[in-house]
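Heads up: the structure comes next, in structure tokens.
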Number of protein chains: 4
Amino acid sequence: MSQSSNNPSTSGVSRPSPGRKRSEASRIAILAATRELVAEQGYEKLSIGGIAARAGVGKDTIYRWWPSKGMVVADAVLEEAQPFHLAPPPQSGPVDEDIRAWAHALARDFADPVRVGRIRAVTSAASEDPATAEQLYERFTQVQRTGFIDRLRLAAEAGEVRPDADFGAVADAILGSLMYWATAHRADLRVESVDSLLDVLLRGLRADRTDGQ
Amino acid sequence: MSQSSNNPSTSGVSRPSPGRKRSEASRIAILAATRELVAEQGYEKLSIGGIAARAGVGKDTIYRWWPSKGMVVADAVLEEAQPFHLAPPPQSGPVDEDIRAWAHALARDFADPVRVGRIRAVTSAASEDPATAEQLYERFTQVQRTGFIDRLRLAAEAGEVRPDADFGAVADAILGSLMYWATAHRADLRVESVDSLLDVLLRGLRADRTDGQ
Amino acid sequence: MSQSSNNPSTSGVSRPSPGRKRSEASRIAILAATRELVAEQGYEKLSIGGIAARAGVGKDTIYRWWPSKGMVVADAVLEEAQPFHLAPPPQSGPVDEDIRAWAHALARDFADPVRVGRIRAVTSAASEDPATAEQLYERFTQVQRTGFIDRLRLAAEAGEVRPDADFGAVADAILGSLMYWATAHRADLRVESVDSLLDVLLRGLRADRTDGQ
Amino acid sequence: MSQSSNNPSTSGVSRPSPGRKRSEASRIAILAATRELVAEQGYEKLSIGGIAARAGVGKDTIYRWWPSKGMVVADAVLEEAQPFHLAPPPQSGPVDEDIRAWAHALARDFADPVRVGRIRAVTSAASEDPATAEQLYERFTQVQRTGFIDRLRLAAEAGEVRPDADFGAVADAILGSLMYWATAHRADLRVESVDSLLDVLLRGLRADRTDGQ
DNA sequence: GTCTAATCGAGACGGTACGTCCCGTCTTAAT
DNA sequence: ATTAAGACGGGACGTACCGTCTCGATTAGAC
């Protein structure tokens, strides 16, 4: 379901509104065409006209339902499970293991050329349009961030982790370094780098029984 | 000095190449106009024609020396001390204090509207052009990263810090979270967030005298 | 009606083609602006961008319907009765009188600054583009030529004129000398010159009763 | 020798002026390059920069000695015997024969692709620049015209031709039809057409002994 | 033999126009 | 009422030349 809710007949009951209904087929074709073109040409050479042509759709049909190219891309990349692994960290073992499992899954997504291409596309879109940036945050960053924080909160209650640490700041460090790496166009993301970072972060978060504090 | 080195006669000594010399006045006017327009309109609405007009210069003079809009912006923002605080961490006290001083200076740059606007501009440029991304990395990220790593290396030698930690990964976490924050268009960067992150990171890096290692 | 027939659905009957129709208002505004600018600045300083601006139209709208500046000018100058007197020689008296009447009308057109400016414009356009030259021929030269030849043919049947003369060559001489004069930028066309030429030509064409033939 | 006389020391005697003298080699190279490029690309795609590059010469060297592209072309095409047959009509037989010989030579020049290409080039140049038009007239049209008129004047004195005819108008008809044909880009100039025209013109010029007139 | 100065090649400069591409809106006929 | 198609006014793109302006490097008569 589309996130850009312009549904013209949401208000109360009133008239069932006449005329042709929004074509679900068009919506799907547009988002699929967008993903194809992002993969083939990248976000920068993408054009609304190109998407419309590929989707066999009029340009107006796109403009009627989305406010900008960025939002189309955001929808195309972020809908359903399309984009990447959105699962929160598991709660199945010691916090260290759970966090590492989560971070590895994330890192593997960023190592996949297709997925990273899409991430790059939304990030480009976000960097030129605040509304798209908001979408990216709400539908990806924040989801990951919240999952991470929740798991750490649990660990804090279990005494595995210092309760006074700023879990949000830590989440931002992990997610931020991944996102920036993606936009930086720099070669090979190595999972070991993520591991090395976790080494430091998890040690820094560890509840220190010896000297209290 | 301009980074876009197109010097046609670098080979050996030989002839000093004929023809009129590149106009330094134009180079300066172009970069200044770019900075002005970035501040006034942002990177997205920036146009080569607009820069040329503002600088009182022909478009060709821009295209002759820079390959893309992104590279002009990179040069304009990153030349000399223009952009932000590039000083490495000091070596004047305990590593914790030095790193915090450095990170605070950095955070203050990111909190300044003018500076963050410029950072945002280069980041946008970088996200649409790998060559610009390379510039941003070489002339900003890498400089900061190297300074940070060098300071930690010194601390490791002094036994202040675990020598087996991946300092690069830590640097990337700090810089990445700042950079991503900048592009994410999200409100207010709070210096306290950076401090909170440092709390965790520095604790994680701390040499642990009790259990040796 | 526009001469630049790009009708995309001329084949058979089939579908009337979807989409917005060509704007007749734009077509008219473009041709009018072209005539104005030709009069104000002459063909050489004419620019597509200038025409578009004056007509309140996008450049693409010009390029969509005309292949070159020359063809716009040809259309602007040659449409309908705009350009000059296209009437064929009358058939109301002796051939000499009819031809002189026709030639005088023509010469008067070439003596009018506005009209000769337009002629000059199409001629310049024709001299740099074969397609425009073809237009000029089909829509002006050939019309005049055919009218002239037809009148002489009639005269030949009436025995006023030698039937074996090459009427086309004579028409070319009259029209060619006028056209060349127009492009040559030389001062004042005198109607007497045309008259003098007709003196010789009509005498040369005259049926010679004495020696038969 | 160049027609564009910018000789800076023509005035009186004064100083013979020091400094380097104009390079004859450059002058020749420029005109040769111009002829080559006219043949290869036509007048419209010709550029001063292109001529300079082909001639191995700086652009300023062209601008120093010629005021416009048109004048360079005029010089290149019209210098010496380069362009076409400039001989006046012979005076070796009856006027009819002499005129036909002259016209045939002219027609043959216009039938030669290389020569007609050059004529077309100067004509294009002339149609966009009055000064060039003047050159074309002085150095080609007028020469032919004067030769023709002189021969007819002689014939008039010999009683071969009506002395009261306007020889200039007749010359213009012959030359004009040839020139217009050249610019009209129309296929095949047939020598027979010229002959047909001469049939009429010479008959029209013929002194009529029988009925005086 | 210098001196002096015009000319040369090269090519960067401030500009203008090009023809293309895409934007976001609008119009049309068909469903 | 929405759709596919596609024309519209607008504006930026990157390129090609324009005619002018530095640059050293010749080149040649005047001193």
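A, B, ... follow the sequence lines: proteins, then strands. Residue 1 opens every chain.
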Residue met sooner reading DNA chain E from 5', once A52(B) and G19(C) are mapped to nucleotides: A52(B)
T132(A) and S68(A), any side-chain heavy atoms less than 4.5 Å apart: yes
Cation-pi check, R27(A) onto W65(A) ring (under 6.0 Å, within 45° of axis): no
5'-most by nearest nucleotide on DNA chain E - G58(B) or G50(A): G58(B)
Minimal non-hydrogen separation, R118(D) against V77(D), with atom names: CB-CG1, 3.8 Å
Residue R22(D), side-chain heavy atoms: nucleotide from dG9(F), dA4(F), dC8(E) that is nearest: dC8(E)
Nearest-nucleotide pick for S47(B), side chain only, options being dC13(F), dC23(E), dT27(F): dC13(F)
W65(B) side chain, from C-beta outward: closest of dC13(E), dT20(E), dT3(F): dC13(E)
Atom pair distance, as rounded to whole Å: CG in D60(C) and C1' in dC18(E): 13 Å
Spacing of E24(B) atom CD relative to dT22(F) atom P, expressed in whole Å: 17 Å
Those residues of residues 36-45 of chain C lying under 4.0 Å from DNA chain E by at least one heavy atom: none
Presence of S26(C) side-chain N/O under 4.0 Å of dA7(F) phosphate oxygens OP1/OP2: no
Among dT3(F), dG14(E), dC13(F), the nucleotide that comes nearest once only the side chain of K59(B) is considered: dC13(F)
Heavy-atom side-chain proximity of Y43(B) to E128(A) below 4.5 angstrom: no
Listed nucleotide nearest any side-chain atom of R64(A), set dT27(F), dT22(F), dT3(F): dT3(F)
Side chain of I48(D) (C-beta onward), nearest among dC18(F), dC23(F), dC18(E): dC18(F)
Min side-chain heavy-atom separation T61(A)-R64(A) under 4.5 Å: yes
I51(C) CD1 to dC18(E) C1', straight-line distance once rounded to whole Å: 13 Å
Rounded distance (Å) that lies between atom P of dA7(F) and atom CZ of R27(C): 16 Å
Verdict with supporting geometry, R54(D) and I51(D), side chain to side chain contact (heavy atoms under 4.5 Å, CB included): CA-CA 5 Å; R54(D) 173 73 66 104; I51(D) 295 171; 5.9 Å; no
S23(C) vs dT27(E): side-chain N/O to OP1/OP2 distance below 4.0 Å: no
Under 4.0 angstrom between R20(C) side-chain N/O and dT28(E) OP1 or OP2: no
Atom pair distance, as rounded to whole Å: CD1 in I62(D) and P in dA10(E): 12 Å
Pairwise side-chain contact, V38(A) with R120(A), heavy-atom cut-off 4.5 Å (strictly under): no
Residue met sooner reading DNA chain F from 5', once A55(A) and V57(C) are mapped to nucleotides: A55(A)
Phosphate OP1/OP2 of dA7(F) contacted by T61(C) side-chain N/O (<4.0 Å): no
Of the listed nucleotides dG24(E), dT27(F), dG19(E), the one nearest the side chain of Y63(C): dG19(E)
Short side-chain donor-acceptor distance under 3.5 Å, T183(C) and S127(D): no
Value in whole Å for how far the C1' atom of dG10(F) lies from CZ of R54(C): 19 Å
Sugar-phosphate, base or nothing in reach of G56(D), heavy atoms under 4.0 Å: sugar-phosphate
Rounded distance (Å) that lies between atom C1' of dA17(E) and atom CD of E128(D): 15 Å
Closest listed nucleotide, where the reference is the side chain of K69(D) and the choices are dC8(E), dC13(E), dC18(F): dC18(F)
Proximity to the side chain of K21(B) - top-ranked nucleotide from dG24(F), dG11(E), dG24(E): dG24(F)
Considering all heavy atoms, the nearest L31(B)-V72(B) contact: CD2-O, 3.9 Å
